[in-house]
There are 2 protein chains.
Amino acid sequence: MTRSSNLIEVAKAAGVSNMTVSRVINNSGNVSEKTRQKVLKAIKELNYQPNLIARSLARKKTNILGLVVYTEQGVHPAFYNEIINGVQKGASELGYDLLVFANREDQSYSDRITHSSFVDGVIFMGVKINQHDIRNVHEKGFPYVFIGKREIEGIHPYYISPDYVKGTRMAAEHLIELGHTKIGFIGQSRIIEPDYDKLLGYQEALFKHHVVYNPQLVFEESQTQLDGYNAMKELLKQKPTAVIINNTYATIGATTAIKEAGLQIPEDISVIGFDDNQELNEQYNDFIGLELSTIRIPKVELGKEAARMAISLLEGNETPKANFIDLHFMKNDSCKKL
Amino acid sequence: MTRSSNLIEVAKAAGVSNMTVSRVINNSGNVSEKTRQKVLKAIKELNYQPNLIARSLARKKTNILGLVVYTEQGVHPAFYNEIINGVQKGASELGYDLLVFANREDQSYSDRITHSSFVDGVIFMGVKINQHDIRNVHEKGFPYVFIGKREIEGIHPYYISPDYVKGTRMAAEHLIELGHTKIGFIGQSRIIEPDYDKLLGYQEALFKHHVVYNPQLVFEESQTQLDGYNAMKELLKQKPTAVIINNTYATIGATTAIKEAGLQIPEDISVIGFDDNQELNEQYNDFIGLELSTIRIPKVELGKEAARMAISLLEGNETPKANFIDLHFMKNDSCKKL
DNA sequence: TTGTAGGCGTTATCAG
DNA sequence: CTGATAACGCCTACAA
């Protein structure tokens with residue numbers, strides 16, 4: 001493998017000291033335009049690129065951001081992967097690379113992260129976060145950020161989370177403004193925080209517009225197509241004029257149930273889903289020839305913002321502890337004015 | 001942030017030289033059990049972890065593997081992401097971490113990769129691979145591996161690819177052995193190599209069993225649910241007894257068309273799909289209450305093997321140029337004996 | 001079995 | 001504006 005040249009060789013070629021070269025490549029300090037050009041020429045001729053490892057050692061900073069993904073089964077669901085994309089983008093825009101730690105189940109990452117000095121800061125994502133890792137990182141004062149709302153006893157971590165409450169409230173208000181009052185909600189949960197928040201937003205909208213909350217219209221947690229299908233079948237017995245559904249898979253199931261019942265969207269029932277899985281959502285829209293109105297989680301933006309937070313933190317800038325990112329209500333063709 | 005201790009401090013605490021400590025942490029050279037214990041004790045007391053950056057600089061090796069993903073729209077489809085998972089796992093098992101480069105569209109990565117000395121080797125994945133990057137890396141003798149079959153003029157790269165020909169051939173043979181001869185194929189393509197190979201496998205199976213190839217049963221490229229739906233509608237006019245479909249989305253579309261035509265799987269028609277999107281495939285199986293027989297691309301294994309190849313290569317081991325990974329035929333409930 | 005000296009490629013510090 | 005010198009933390013080579 002061809003060896004690349006180093007700073008000293010460039011210095012020799014340009015007839016200056018290594019520090020001058022260093023100043024040129026870092027745009028730091030004052031260098032006369034003349035020597036500057038000499039150095040740049042030498043750099044070009046030798047095809048020189050700084051060795052980032054050596055730089056990291058000297059600077060005690062790698063410009064690498066760590067991302068730890070705690071997954072349930074060692075494989076990331078699509079949802080996570082889109083966020084990872086965003087983190088990468090955000091880091092990249094600020095001059096950082098991303099080192100992804102994952103897939104070492106029931107293993108702790110924190111020692112490798114804090115000691116190895118390979119990453120300057122870290123982002124944690126996932127449901128099954130390793131508590132030991134957090135305490136470890138926290139105690140060492142190592143910069144870290146969560147994706148997702150977190151409160152850990154005794155620790156007030158930095159985190160960024162989608163604003164599920166607000167997003168769902170806006171969607172529900174949209175329906176109410178269209179004249180709907182009998183609005184179903186598929187996706188209640190007492191365990192999963194985002195789903196809990198979604199229901200909260202739904203309730204807030206009803207409350208604000210003096211619509212009475214009817215538990216009969218609310219259905220339990222639904223993560224799958226089949227769940228959505230079954231829930232909708234039950235819900236239809238209540239003759240709702242609109243429905244809000246938890247996630248993409250459930251939405252597909254639910255709309256199938258609607259179709260099977262001989263009902264039309266939006267003529268007979270208005271539908272708002274969550275397109276947490278955008279790829280699938282688009283495919284499905286194409287397929288049914290209808291653009292569903294959805295609440296979109298800007299996952300890439302979420303990841304980007306997480307990267308920005310972490311970098312702001314590790315660079316010692318003032319950083320707000322909690323951050324919320326707005327969901328987008330995609331007002332498409334599946335809602336009708338009553 | 002609390003500073004971690006270094007090798008010299010450990011040496012002092014243990015009352016030995018830094019080299020002895022180095023030997024202990026690397027299990028290299030001979031160290032008497034007694035001093036060894038002393039050192040280990042000091043390491044534990046100081047909570048010492050080697051600084052990987054310094055080690056990398058000294059060894060000129062980072063134990064980090066690079067993965068470049070060339071994406072079409074800056075966001076990876078689910079398919080890629082599962083492979084990335086696998087690469088990570090494979091790298092991890094061999095003591096490597098993974099640095100993922102992506103999302104810098106129309107940008108070249110190769111300089112950063114080969115010069116920065118942050119990665120010891122690199123894996124390239126994606127359709128829109130940057131030719132400049134390849135030549136660059138190739139000319140420098142920097143270790144690299146492709147995921148996906150590649151032949152670049154003048155270059156015979158190392159690559160690993162799913163064996164689409166064999167996988168599809170096996171599936172088709174399975175159908176033939178069940179007595180089918182009128183087997184549809186949805187997903188022909190002259191552009192996309194994997195799809196091209198799938199058709200080849202289909203044809204090989206027919207040829208081997210002396211079944212005449214009928215182009216009327218073969219339908220053009222289909223990447224979406226809608227494509228699959230439309231193709232199947234056409235295909236059904238030919239009254240096939242079985243069909244093989246290109247990918248998960250198309251399979252969902254196709255089975256919907258079958259259902260709409262009032263036909264039953266597998267009673268009226270046998271179906272074999274590709275579950276390139278496993279998450280979706282499982283959801284759909286649940287939903288229709290039928291386990292579709294599929295050809296599965298072991299994406300995690302594919303990624304793992306890519307990592308193994310790249311690492312074998314960069315460590316200077318003998319490594320075969322081309323590697324194929326077998327697809328798994330999941331013999332489930334959607335095929336019937338005639 | 002253990003230690004000493006020097007180097008990996010860069011940046012920080014302090015003089016000039 | 002420029003340069004010598006000493007880190008950064010570890011490893012390799014050689015010596016004892």
Side-chain angles (χ1 to χ4, degrees), chain A residues 1-40 42-43 46-64 95 112 114-120, chain B residues 1-40 42-43 46-64 111-112 114-120:
Chain A
M1 190 163 73
T2 58
R3 199 186 61 81
S4 33
S5 47
N6 65 21
L7 188 145
I8 295 183
E9 290 166 7
V10 173
K12 273 188 192 141
V16 298
S17 80
N18 48 0
M19 261 323 289
T20 303
V21 178
S22 178
R23 288 193 182 98
V24 170
I25 61 181
N26 290 299
N27 275 318
S28 66
N30 293 321
V31 181
S32 78
E33 190 53 30
K34 202 174 145 194
T35 51
R36 190 188 152 69
Q37 289 305 332
K38 268 198 305 191
V39 171
L40 287 176
I43 286 176
L46 292 175
N47 188 24
Y48 167 76
Q49 294 259 135
N51 180 315
L52 262 32
I53 295 290
R55 172 178 289 172
S56 297
L57 181 61
R59 289 220 256 244
K60 297 177 151 239
K61 183 165 185 310
T62 57
N63 268 40
I64 293 185
R112 291 180 59 233
T114 58
H115 286 299
S116 71
S117 54
F118 245 122
V119 302
D120 298 331
Chain B
M1 191 164 71
T2 56
R3 198 186 62 80
S4 33
S5 46
N6 64 23
L7 190 146
I8 294 181
E9 291 167 5
V10 173
K12 273 187 192 143
V16 298
S17 81
N18 48 3
M19 259 325 289
T20 304
V21 179
S22 179
R23 289 194 181 98
V24 171
I25 62 181
N26 290 300
N27 276 318
S28 65
N30 293 321
V31 182
S32 78
E33 191 51 30
K34 200 174 148 193
T35 52
R36 191 186 152 70
Q37 289 305 333
K38 270 198 305 191
V39 171
L40 287 176
I43 287 176
L46 292 174
N47 188 25
Y48 167 75
Q49 294 259 136
N51 181 317
L52 263 33
I53 294 290
R55 172 178 289 173
S56 298
L57 182 60
R59 286 193 189 158
K60 293 175 155 245
K61 182 162 185 313
T62 58
N63 267 41
I64 293 186
D111 285 335
R112 291 179 58 235
T114 58
H115 285 300
S116 70
S117 53
F118 245 121
V119 302
D120 298 332

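Chain naming here is simple, since letters A, B, ... match the order of the sequence lines and numbering starts at 1 in each.
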Need the bend value for the helix from C:dT1-D:dA16 to C:dG16-D:dC1: angle between end axes, 5 pairs each end, nearest 10°.
40°
Mind checking B:Leu57 for me? I need base, sugar-phosphate or nothing, with any heavy atom below 4.0 Å counting as a touch.
base
Upstream residue (5' side of DNA chain D) when B:Ala58 and A:Val16 are each assigned their closest nucleotide:
A:Val16
Nearest whole Å is fine: how far is C:dG6 C1' from B:Ile8 CD1?
13 Å
Tell me the closest heavy-atom pair linking B:Ala13 and B:Ala42, and the distance in Å.
CB-CB, 4.1 Å
Rounded interatomic separation in angstrom, taking CZ from B:Arg59 and P from C:dG9:
16 Å
According to a strict under-4.0 Å criterion, is B:Lys60 in side-chain N/O contact with OP1 or OP2 of C:dG9?
yes
What's the separation between atom OG1 in A:Thr62 and atom CG in B:Leu52, rounded to the nearest 0.5 Å?
11.0 Å
Just how far, in rounded Å, is P of C:dT1 from CD of B:Glu33?
11 Å
How long is the span from the CD1 atom in A:Ile53 to the CZ atom in A:Arg55, to the nearest 0.5 Å?
11.5 Å
Is the closest basic N to carboxylate O distance between B:Lys12 and B:Glu9 below 4.0 Å?
no
Interatomic distance where NZ belongs to B:Lys61 and P belongs to C:dG9 [whole Å]
17 Å
Per the under-4.0 Å heavy-atom filter, residues of residues 17-27 of chain B near DNA chain C come out as B:Ser17, B:Asn18, B:Met19, B:Thr20, B:Arg23
Would B:Val39 and B:Val31 count as a side chain to side chain contact (heavy atoms under 4.5 Å, CB included) here? Give the steps.
CA-CA 10 Å; B:Val39 171; B:Val31 182; 5.9 Å; no
Considering all heavy atoms, the nearest A:Arg36-A:Val24 contact:
CA-CG2, 4.3 Å
Separation between CG (B:Leu7) and CE (B:Met19), nearest 0.5 Å, reads 8.5 Å
If every non-hydrogen atom of B:Asp120 is compared with every non-hydrogen atom of B:Asn63, which pair is closest and at what distance?
OD2-N, 2.6 Å
Rounded to the nearest 0.5 Å, what's the gap from CD1 on A:Ile25 to CG on A:Leu40? Could you check?
10.5 Å
Looking at B:Ser56, does any N or O in its side chain come under 4.0 Å of the phosphate oxygens OP1/OP2 on D:dC10?
no
Separation between CD1 (A:Ile8) and OG (A:Ser22), nearest 0.5 Å, reads 11.5 Å
Which of residues 46-55 of chain B sit near DNA chain D, with a heavy atom under 4.0 Å from it?
B:Tyr48, B:Pro50, B:Asn51, B:Ala54, B:Arg55
A:Ser5 and A:Tyr48: which non-hydrogen atoms are nearest, and at how many Å?
O-CD1, 3.2 Å
Given atom CG of A:Asn30 and atom C1' of C:dA12, what is their separation to the nearest angstrom?
16 Å
